[in-house]
Structure formats: structure tokens, C-alpha cells
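So that the names make sense, note that chain A is the first sequence line, chain B the second, and so on, each numbered from 1. No hydrogens, no waters, no symmetry mates; every other heavy atom, side chains included, goes into these values.
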Number of protein chains: 2
Amino acid sequence: MGMENVSGSSGRRVKRAGIRDVARLAGVAPMTVSRALSFPHRVSIETREKIAAAIAATGYIPNRVASNLSSNQTMTIGAVIPTLRNSIAADFTEGFSRALKARGYHLLLGNSDFIPEGEETIVAEFLARRVDGVYLTGATHTAKTRKMLRDNAIPTVEIASLPEDPIDMAVGFSNFDAAYEVTRMLAEQGYRRVALFTTFTKDNERQVERQAGYRAAVRDFGLDTDPRFVAELEMDLKAAGRQLRVLVGERPDVDALFCTGDFIAAGALFEAQRLGIRVPDDLAIAGFEGLEIAENLNPSLTTVRIPRFEIGSRAGTMLLDRIAGKDVEQRVVDMGFEIIKRGSTATPATLRRETAS
Amino acid sequence: MGMENVSGSSGRRVKRAGIRDVARLAGVAPMTVSRALSFPHRVSIETREKIAAAIAATGYIPNRVASNLSSNQTMTIGAVIPTLRNSIAADFTEGFSRALKARGYHLLLGNSDFIPEGEETIVAEFLARRVDGVYLTGATHTAKTRKMLRDNAIPTVEIASLPEDPIDMAVGFSNFDAAYEVTRMLAEQGYRRVALFTTFTKDNERQVERQAGYRAAVRDFGLDTDPRFVAELEMDLKAAGRQLRVLVGERPDVDALFCTGDFIAAGALFEAQRLGIRVPDDLAIAGFEGLEIAENLNPSLTTVRIPRFEIGSRAGTMLLDRIAGKDVEQRVVDMGFEIIKRGSTATPATLRRETAS
DNA sequence: CTATTGAATGTTACCGGTACCATCAAAGGC
DNA sequence: GCCTTTGATGGTACCGGTAACATTCAATAG
């Protein structure tokens, strides 16, 4: 009793010191040891020192599992990410993770692979593990996921969108507006035949929204609506290159290309270079996300800067505040975006000529 | 008893069903419910169905925290990653995470920010949470980290290097050999003044090894040893561009540049384009990691392909085998690397001329 | 027909902490 | 000087499962 089993490398079982062992050695009650660790100032200095000595002597490592069970909180947040191989999700998570660390919380991670049913399984497991809160990427979830989280009153934050009906809280930006504004900017710069490359829109409302924003602007500004101007492709540089060849094959007169991801845009830009298509003179290219690479490309890439890290860390503080019982005034927080105009979408040559004359 | 507290959104406390509630409703003993969930075939079909009905009726969600405490295993692996904002670490982790998922294990994540003391804190927390195994990035750890893991006999796997004295197990490749081979290849192609850009080597034995491999090859093949050929910089495209300007300012005759990261190489390549330095005619550039972007650049980038995903997943299966008590024959697994020659390091113009004559 | 066996199920105690309440001595108030 | 308050510590039960062992009973063997 008071000693945990440890499977030693030699195969024999060793007992690990427990709080009762520490207490005995320090000549105090187990409860006092517990207090010394959780609320040091509630214990006298001498006792604290005796306990510290006993802990050092026994090599005691507190058992958070037992502590979690007893105190009914795990100091753990469950996070569902589509995949880590995705800079933007990684940045959200990084910001989030830092906010947690600052308050002693830890991150349990699950990959959904962009599949809502996968997310559902992970969330169920999170609930079984009694996480104190849940972080979800995006706003597309199964009905069961939503119900589980709500019925169990789990503080939850959804990242990257602005859902109309959040499960609990959300931090993000308007994907629709951002795409609309990029398209408007292109229209105002004089481009008329603007193509769109998005990644797959299935179960990904962010891409859906971006596509919708683009379409709305195309309509509002009277741009060319050829359906061949819109393509969904894998999040892959090579796929972007391939699709660019298709596009210029079908519509050689395309004058601008909006990609809902900077890597897609980079892939298209590289392919354009290979094809001898001058950017932006023959074709303007705009990206999305504001990754570091965008400003280093030649020409530098016009893009939408998303406050990725900030969204993550804001989500973290909101979630922890909620867990701590503080009132969260605003359930859906819009962190905005910023269009960064760069060389890849300079005013087109035709316009320049007109302006010059 | 048998009911857990749930803090309802309305503030009132609701009792959550426990295994005893399910048992009562199904008319069986709690133990039978536990068995029905863990070893269904050990329970008769009728009983199983009664229990399933009771679970559905109560909305029972098993409490893994209690289960973990009682069974003394958490089905959790703790992973320390320097940062998620790093494609290569993300790929390792992704492969690892998939291997875990296949066997029902979950991932607890901690960021060390490349600081060994940060890692130490995280590992201590992992031990307190009684993770079943630990995943560490790299082979640079504090003495205390090593001691904690060994004394507690925690199955551990170190990723990305081939440590001489692994804490327990390791999966990686020889960073030294890879860098040596790239440098040799450049030497054999006729380059004599080969520069090196690495990221910071402090507490990062992978970069140290790569730099050492480069230096060994420089020596073995009689290349120019000007110390100004070696630079350590941030993992940042812009920093690479800046450093390239410094380099060509100091040594305009540099004929090749080896970067120990593909993004660094890309940054250098973009800057070269801006400076009017032709690649590979004026300057050859080689990268490291084998990221997707490498093959899409213009010219496409020579690089070292690391089996990132495979390293992660192999590490996962090794760790779980070890936890399952299977013997792991090989403690340090070398997953190799592959040099991919592409356009950015074609034979230099001077050599081409000679060859042609 | 009784002993043996094994599948299905039950009983009990325990995993290692902490919530909650009790106790007790010293300090402070009037 | 007596009562209340405060700080330090202790005792006990309990968190919600499961390990280990016990029990029951029908099927099979001898």
C-alpha cells in the first residue's frame, strides 16, 4: 500500500513511492503532503521542508491519474486537428498550446484526417478521458459530436471559422469576406477573368466559404463566370501546377488566379515560370494564409494574412477562462484578416498602358 | 455514488451515470459491465445486450481516468516536439500518431522550443501522468531527463538521430553521413568552394552532425575551408536570403551552397534569383529534408530525402511493441536517407565546358 | 450417478490521491 | 479572562473503475 508497481527493465517489479510513504517518512499525514504540493502556503515552512526532504529521499512522483480522479479535473484539453502536416493548423495549435502551458494545462491530440466521423470517435474518447475542454478545427461536425459536447457541458472552442451556431465558443475570421475582398481587389485592379483554385470543399466549410466569397464577388463585379475557372484540388504544389496547365489550355486568356492557400499559389507560380507565363504581367496570382514563403517568392505573393498564432492563443485563453468559470462575453470572436498586396498582383499591363497614355 | 458531477451550462450540477448505475439497470454486477466493455466475448450475448441497452439508456460514458488508475496503464504516450511549426517534426509526429491510433493509444503533446530544460519539465509531467511511453525529438537531453526515464523504466524512443547511447530506443538516420554525402557529391561534380547554411546548432545534435559531416567531406575532398563559408541562421527564408547576400559579398567566387533545410535552401534560391545569380550556373544549391516544395522550385532542388513519415511510424510500432512486452531486437534503427539530384546542382558550367571540348 | 471442468457472473478490496470536516493550539477582541 | 477567529494538521470516506479470487451451475467425463 502506498507503493506503485513499476516494471523494471530487469523484469522484476519495483514499488514506487506514494504519498503515504512520503507522509510516513516526513512524520505527517498524507493530506498534509498533498497540501504541501498543491497549496504550499497552507503548510508551515518547517513541515514543508520535512516533506521536501522526504520527497527527495523517496524519489516520489505524484500520480496525476489518481489526483485527476479524486479532484474530478484532468488539466487536459483535447484537440482535434485534421492533420499536423499543414502549416496553418500547426500555427493555430502552437498558439493554443502556449496559452495552455502558461496555465498548467496539457494537450491531448487527435487527427481527424478531415473526416467528421473520425472527429466524432476522437471526441468520444476525449470525453471518456474527462478532458476539461475541447478544441476543434473548423465548424463542420457531426450531429453526434455536437450533442455529446453540449449534453456533457464540455467547454469547447472551434477554430478558424465564424459559425452561426457554435457548439460553445469560436475564434476565427470570415473566410467568405476574405475571399470576397481578394476577388474584389483583383476586380478593382482591372482583372476580368479571375480563376479560383481551392482545396477540396467536402466537409471543409472554410473552403466552401472561400469559394462562396469568390463567387459573390465575381457576380457583384461582373467578372467572367466560366465554370472552368473554378477548380478543387489536393493541397499539393504539384497538383496546382497540373491544374494551371489545364486552366491555360482551356482559357488562355485568364488574367488572374486566386488560390485559397499559399502553397497552392506557390505551385501555380512555379509552373507559370516553367511555362513562360509572366507573373503578374500575363497572369496575376494571389494566395491565402500569409505564410512566410509568400513574401519570399519572386514575385512576392499577394496573400491574406490570417493571425494564425493569435487565433490559437486567444482560443486558449477563452477556453481556460470558461473552464475557470469566468463569464465569456463574446462566444464568437472575429480575429479578422489582412490583405497584403505584393508583386504577384500588380496592376495588369493592359491597364498600365491605358493609365500611362 | 455511481454518479459523477457534471457542471451543467446552467450552473446546476447533474450526476453522470457510472458503471454501477448501468449495472443496476441491467440487473448485473458492475464487474460484468466492465467485462462486457473490455472483453465482450467473456460475457453471454443476452447479458451483453441488456448491458448495451442500459448504457444507451443512461448515456454512460466510461471514465478512463478511473480505469487508468485501477489498471495502472493510461494508453497514452507523451511526445516532446521542439515546435509544431516545423514540417519535418510534424511529419514524424504524424507517422507516429497513426501507429498509435491503430493500437488504441493516444498522444499527449509538449513543446520544448528546442530547450532541453523545457523538455525536462515536460517529461516530469509525463511521468506524473503515468504515460505508458515517451517520444523525444533528437538525442540531446538533460542528464535528469535521461535519469528519470531510465529509473522509472519508461519505454522511450528518440527520433531523428542515431545516438550512441540511447535512453532506450531510437529511430533515425545518420545526419553526419547524409551531409557528408551531399558535400561529396558536390565535390565530385566539380564544385570547390562549397558554403554551408545550417540552423542553430545549440542543443541540436542533428545540426551539429550535419555540420560535422560537411566539414569532414570538405577536408577529405580538399575543398576550400574559408570559415566564412559556414553560417548558422534562423530557420527562416528571409534569414537565408540575408545570409546569401553576406556570403556573395565576402566570397563572390562561392560556387555551391549546401543548406541543411529545404526552406533555407528555398530562401537562398529566391534571393539568388533576385540578385541575378543563376542557379546552378553561377551557384549550385542543395537542400535537406526532401520536402514537397523542393521538387517544384525552379530549378528543382537537389535534396536529401528523409523517410520522415516512416521514421515516425516505425518509432510508434517499436514503442508499442516494447510496451506490450515484446523483445525489441534492435534498439537503434537506421532508416537511411536518399540523395535526390535535381537541377539546382547540375554539373558546373566550367566543367561542362571542359567536358564538351 | 458423482466428480470434474469451464463458462458466466459476483464479491471484495484496492489503485493513489483529495474533498470535507474535525481537531487543536495560538492569537486576537472586548 | 473568556470567547471567537485563524492557521496548521489530521481522519475518513470516496472518486469510478478493475484485479484477483470466489461462486454458481450446466455440461462432460468416468
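For the ring pair (Phe, Tyr, Trp, His ring centres under 6.0 Å) test, no residue two or more places apart in sequence or in another chain qualifies with F126(A). Remark: Y135(B) engages F96(B) in a ring pair (Phe, Tyr, Trp, His ring centres under 6.0 Å) (not counting sequence neighbours).
Between the P atom of dG10(C) and the CZ atom of R24(B) lies a distance of 14 Å, rounded to the nearest Å. Rounded to whole Å, the distance from CG on N68(A) to P on dC15(D) is 16 Å. Straight-line distance from the CG atom of L69(B) to the C1' atom of dC15(C): 4 Å, rounded to whole Å. For I55(B) and dG16(D), the CD1 to P distance is 16 Å, given to the nearest whole Å. Going from atom CZ of R130(A) over to atom P of dG17(C) covers 21 Å, rounded to whole Å. Taking atom CG of N63(B) as the reference point, atom P of dT18(D) lies 9 Å away to the nearest angstrom. In this structure, R20(A) places its CZ atom 11 Å from P of dC14(C), rounding to the nearest Å. One atom, CE of M75(B), and another, C1' of dG17(D), lie 16 Å apart when rounded to the nearest Å.
No side-chain donor-acceptor contact under 3.5 Å links S70(B) and S67(B). Side-chain contact check for R64(A) and T74(A): no donor-acceptor pair (N or O, by modelled atom type) lies under 3.5 Å.
Ionic pairing of D132(B) and R103(B) is not present here: no N-O contact between side-chain nitrogen and carboxylate oxygen is shorter than 4.0 angstrom. Here R16(B) does not pair with D151(A) in a salt bridge; the nearest charged N to carboxylate O distance is not below 4.0 Å.
Here side-chain hydrogen bond (donor to acceptor under 3.5 Å, both in side chains) pairs that include residues 34-47 of chain B, with residues two or more places apart or in two chains, are S44(B)-T47(B). Within the structure, side-chain hydrogen bond (donor to acceptor under 3.5 Å, both in side chains) pairs that include any residue of residues 77-86 of chain A comprise T83(A)-E94(B), R85(A)-D91(B) (at least two apart or interchain).
Taking 4.5 Å as the limit, some side-chain heavy atom of E158(B) sits within range of a side-chain heavy atom of H141(B).
For DNA chain D, the neighbouring residues in residues 28-37 of chain B, judged by any heavy atom under 4.0 Å, are M31(B), S34(B). Against DNA chain C, the stretch residues 42-51 of chain A makes no heavy-atom approach under 4.0 Å.
With hydrogens and angles ignored, no donor-acceptor pair under 3.5 angstrom links the side chain of R64(A) to the base of dG17(C). Looking at S70(A), its side chain comes within 3.5 Å of the base of dG17(C) through a donor and an acceptor atom.
Contact annotation for Y60(A): backbone-only contact, meaning every heavy-atom pair under 4.0 Å involves sugar-phosphate atoms and none involves a base.
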